[in-house]
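Keep in mind that the numbers below use all heavy atoms, side chains included, and drop hydrogens, waters and symmetry copies. As the structure is a prediction and not an experimental result, all values here were calculated from the model.
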Amino acid sequence: MARHLITSALPYINGIKHLGNMVGSMLPADVYSRYLRQRGHDVLYICATDEHGTPAELAAKEQGLPVADFCAQAHDAQKAVYDGFALAFDYFGRSSSPQNVEITQHFARRLDENGFIEERAIRQVYSPADGRFLPDRYVEGTCPHCGYDKARGDQCENCTRVLDPTDLINPRSAISGSTDLEVRETKHLFLLQSKLQHEVEEWVSRHEEDWPQLASSIARKWLNEGLHDRAITRDLDWGVPVPADTWPELAAEGKVFYVWFDAPIEYIGATKEWADLDPANRDWKSWWYEADDTVRYTEFMAKDNVPFHTVMFPATELGVREPWKKVDYVKAFNWLTYYGGKFSTSQKRGVFTDQALDILPADYWRYFLIANAPESDDSSFTWEHFTATVNKDLADTLGNFVNRVLSFSKKRFGEEVPAGSAAGEAEARLGEQITELLAEYETQMEALQFRKAAAALRALWSAGNSYLEEKAPWLEIKTDKDGAALTLRTAMNLIHLYAVVSEPFIPSTAKTMREAFTLTDDTAAWVTADEARTLASVPAGTPFTVPPVLFAKLTDEDLEAYKERFGGAPAA
């Protein structure tokens with residue numbers, strides 16, 4: 001089987017992420033990873049916290065913590081939430097790791113040796129009160145366009161206009177608040193992306209037809225506009241240090257690499273972190289170095305991250321002139337909005353992942369988010385839509401089917417799967433239908449079409465309800481007890497099938513369904529077409545238990561309580 005390397009965009013360290021961040025990267029990567037593992041592939045799913053850059057320093061300052069301590073605590077807090085969502089990373093690392101420092105510095109040295117890094121003098125804001133140059137985000141002031149008085153030197157969050165620190169009215173240091181600012185000359189390293197333009201274009205042209213239109217169109221737009229040389233160092237206290245053996249003067253000044261230079265390299269760094277935990281059995285380079293013919297690499301990200309992963313990081317890898325693995329498939333997502341407005345970490349707008357888990361178990365969220373993933377266009381989260389989806393798909397279609405089949409069988413036939421008569425025409429038709437629906441589900445999962453995969457999974461669940469309504473064992477038992485037993489035995493086999501194939505979407509519920517049956521040797525990783533057609537994996541006589549209600553229906557009172565807590569549609 002193939003080896004699959006999977007990464008999702010690194011969540012930034014400053015704060016718990018919202019549902020839009022979850023569905024735009026980590027959750028679909030987890031669903032796909034789980035599916036591939038079930039199909040027998042060798043899978044490595046890598047992610048990490050993105051810990052460098054100005055916001056990390058500012059967030060640490062707000063909490064009165066050394067930035068290293070802040071990042072360590074924030075990493076653990078984020079990891080706890082992802083564990084709550086049952087994200088099955090093979091490793092969840094940290095971009096501040098020694099491994100990432102080592103590999104980032106190696107990349108920088110190689111780029112320099114190959115003529116793709118240049119030292120340039122630029123003019124930058126300096127704060128005498130702080131005794132340091134201020135990166136763009138360390139300068140705050142009033143936006144000249146909308147008058148927002150907390151605009152940053154790189155962008156106004158209120159009107160989203162891109163800014164330069166010198167554009168701000170009444171600029172001040174975000175560190176000390178000092179307004180005594182100067183513009184001085186300083187030196188930084190620039191990655192000469194302009195010299196790599198044609199190589200990146202050739203590389204993108206070999207892949208873009210296979211990528212989703214969203215990913216290929218964004219990459220092509222950036223290339224058509226032309227790649228610009230980009231500063232890859234900053235004046236910060238926290239980051240990957242510029243190596244003194246190559247740039248002694250800049251190292252002495254405390255320069256560090258810009259977060260968007262070292263963050264993508266952390267995919268490699270985190271893989272080495274994973275391997276270093278068990279070096280005798282894990283070979284990190286086999287996934288990343290000279291791996292074009294042996295590894296299929298898939299990245300998951302929201303559209304704002306696409307340029308960095310389809311243009312900038314490939315430019316870095318190409319410039320290193322070493323055979324590092326480059327992405328094969330970029331699964332890009334549009335935005336999940338909150339009632340049509342943007343989720344915002346800084347403005348606390350929308351539902352955040354820790355809050356979501358406080359309200360309901362992870363499987364409610366996992367299913368809803370993937371079934372409504374913003375693939376072809378933006379999609380909107382509303383509490384009305386969430387409640388309707390949970391009630392119709394999870395509570396009624398799946399949960400009610402499982403409960404009424406097992407409860408009725410226990411009541412009328414005891415706590416073992418009943419035998420009954422041999423399968424007839426209805427069971428043959430059902431087997432063919434399930435086989436076709438399972439093939440459709442597999443096709444959509446292989447194509448990374450998550451909404452269509454969810455629709456196919458929902459259709460599988462619905463087929464069981466249709467079969468149950470057709471056979472009506474609660475009536476059948478009055479005239480044909482063996483026929484009713486057959487119906488229930490077939491339905492129980494459907495429950496087991498649902499447990500296996502639903503695991504990528506709702507792993508906790510799938511585990512509960514599977515454990516309802518006391519099978520002596522239940523090692524099935526997937527369901528073959530023949531198994532789907534015959535529906536006989538749970539034989540008569542198998543002991544079973546009735547699990548608690550899988551999904552509680554959400555009431556009008558629940559809906560109003562959620563809207564009261566988080567807000568409903570924004571004012572016009």
Side-chain angles (χ1 to χ4, degrees), residues 393-442 456-503 506 509-547 550-551:
D393 294 356
L394 297 179
D396 288 345
T397 303
L398 178 61
N400 187 48
F401 175 80
V402 172
N403 182 263
R404 63 176 175 163
V405 166
L406 296 180
S407 296
F408 185 72
S409 188
K410 179 182 178 180
K411 179 179 179 181
R412 303 307 297 264
F413 293 99
E415 297 181 347
E416 293 184 352
V417 176
S421 53
E425 286 188 15
E427 288 69 39
R429 289 196 305 271
L430 174 66
E432 292 301 325
Q433 181 185 17
I434 293 298
T435 302
E436 292 175 6
L437 290 172
L438 181 60
E440 170 67 10
Y441 178 52
E442 292 171 353
L457 182 61
R458 187 187 310 120
L460 278 165
W461 299 342
S462 295
N465 284 278
S466 297
Y467 169 74
L468 210 60
E469 293 301 318
E470 175 190 353
K471 294 294 295 291
W474 48 90
L475 299 177
E476 193 177 22
I477 197 170
K478 297 177 181 179
T479 58
D480 184 358
K481 189 173 182 179
D482 283 346
L486 163 65
T487 300
L488 293 170
R489 187 183 80 238
T490 303
M492 291 188 198
N493 273 277
L494 275 178
I495 292 172
H496 187 268
L497 181 146
Y498 295 161
V500 175
V501 303
S502 302
E503 193 266 346
I506 47 173
T509 306
K511 184 173 184 287
T512 298
M513 288 191 288
R514 195 157 177 159
E515 290 177 348
F517 303 100
T518 308
L519 291 165
T520 55
D521 188 25
D522 188 8
T523 60
W526 196 247
V527 178
T528 67
D530 286 342
E531 289 168 341
R533 193 173 286 109
T534 56
L535 293 172
S537 59
V538 182
T542 300
F544 72 90
T545 57
V546 182
L550 298 182
F551 296 99

Please step through side-chain contact (heavy atoms from CB on, under 4.5 Å) for the pair N403 and L550, ending with a clear verdict.
-> CA-CA 8 Å; N403 182 263; L550 298 182; over 6 Å; no
Quick one: do T490 and L486 satisfy side-chain contact (heavy atoms from CB on, under 4.5 Å)? Show the steps, please.
-> CA-CA 6 Å; T490 303; L486 163 65; 3.6 Å; yes
Would you sort out whether Y498 and I506 count as a side-chain contact (heavy atoms from CB on, under 4.5 Å), showing the intermediate values?
-> CA-CA 10 Å; Y498 295 161; I506 47 173; over 6 Å; no
Please lay out, stage by stage, how L475 and K478 fare under the test side-chain contact (heavy atoms from CB on, under 4.5 Å).
-> CA-CA 6 Å; L475 299 177; K478 297 177 181 179; 4.1 Å; yes
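Considering only residues two or more places apart in sequence or on other chains, Y441 meets the ring-ring contact (aromatic ring centres under 6.0 Å, His included) condition with none of them. For W474, there are no ring-ring contact (aromatic ring centres under 6.0 Å, His included) partners at least two apart in sequence or on another chain.
The line from CG of L430 to CD of E470 is 8.5 Å long, rounded to the nearest 0.5 Å. Rounding to the nearest 0.5 angstrom, the gap separating the CH2 atom in W461 from the CZ atom in F401 is 12.5 Å. To the nearest 0.5 angstrom, T528 atom OG1 is 8.5 Å from R533 atom CZ. Rounding to the nearest 0.5 Å places CG of N493 at 8.0 Å from OG1 of T534. The distance from the CG atom of L460 to the CD atom of E436 is 11.0 Å, given to the nearest 0.5 Å. The distance from atom NZ of K471 to atom CD1 of I477, rounded to the nearest 0.5 Å, is 12.5 Å.
Here the side chains of F544 and T518 are not in contact, with every heavy-atom distance at 4.5 Å or above. Using a 4.5 Å heavy-atom threshold, the side chains of H496 and E531 count as separate. For the pair L468/T487, a side-chain contact is recorded, criterion being any heavy-atom separation below 4.5 Å from C-beta on. Using a 4.5 Å heavy-atom threshold, the side chains of S409 and V417 count as separate. A heavy-atom distance below 4.5 Å is found between the side chains of Y467 and E427.
The shortest heavy-atom contact between G464 and L494 is CA-CD1, 3.6 Å. Nearest approach of L488 to P473, heavy atoms of both residues: CD2-CG, 4.2 Å. For the pair L394 and F551, the tightest heavy-atom approach, listed with the atom from each and the gap, is O-CD1, 3.4 Å. In plain terms, the two heavy atoms of S407 and V546 that are nearest each other are OG-CG1, 3.6 Å. Of all heavy-atom pairs spanning P418 and A540, the tightest one is O-CB, 3.8 Å. Listed here is the closest heavy atom pair of L406 and A516: CD1-CB, 4.2 Å.
Environment of CD in E416: crowded, with over 12 heavy atoms of neighbouring residues, nucleotides or ligands closer than 6.0 Å.
Not one N or O on the side chain of N400 forms a donor-acceptor pair closer than 3.5 Å with the backbone of A395.
The residue from D522, T545, I495 that alone fulfils the side-chain contact (heavy atoms from CB on, under 4.5 Å) condition with F517 is I495. Each of R412, R404, K410 was checked for a side-chain contact (heavy atoms from CB on, under 4.5 Å) with F408, and the lone residue meeting it is R412. Here the rule is side-chain contact (heavy atoms from CB on, under 4.5 Å) with M492, and of V402, L535, V405 only V405 fits it.
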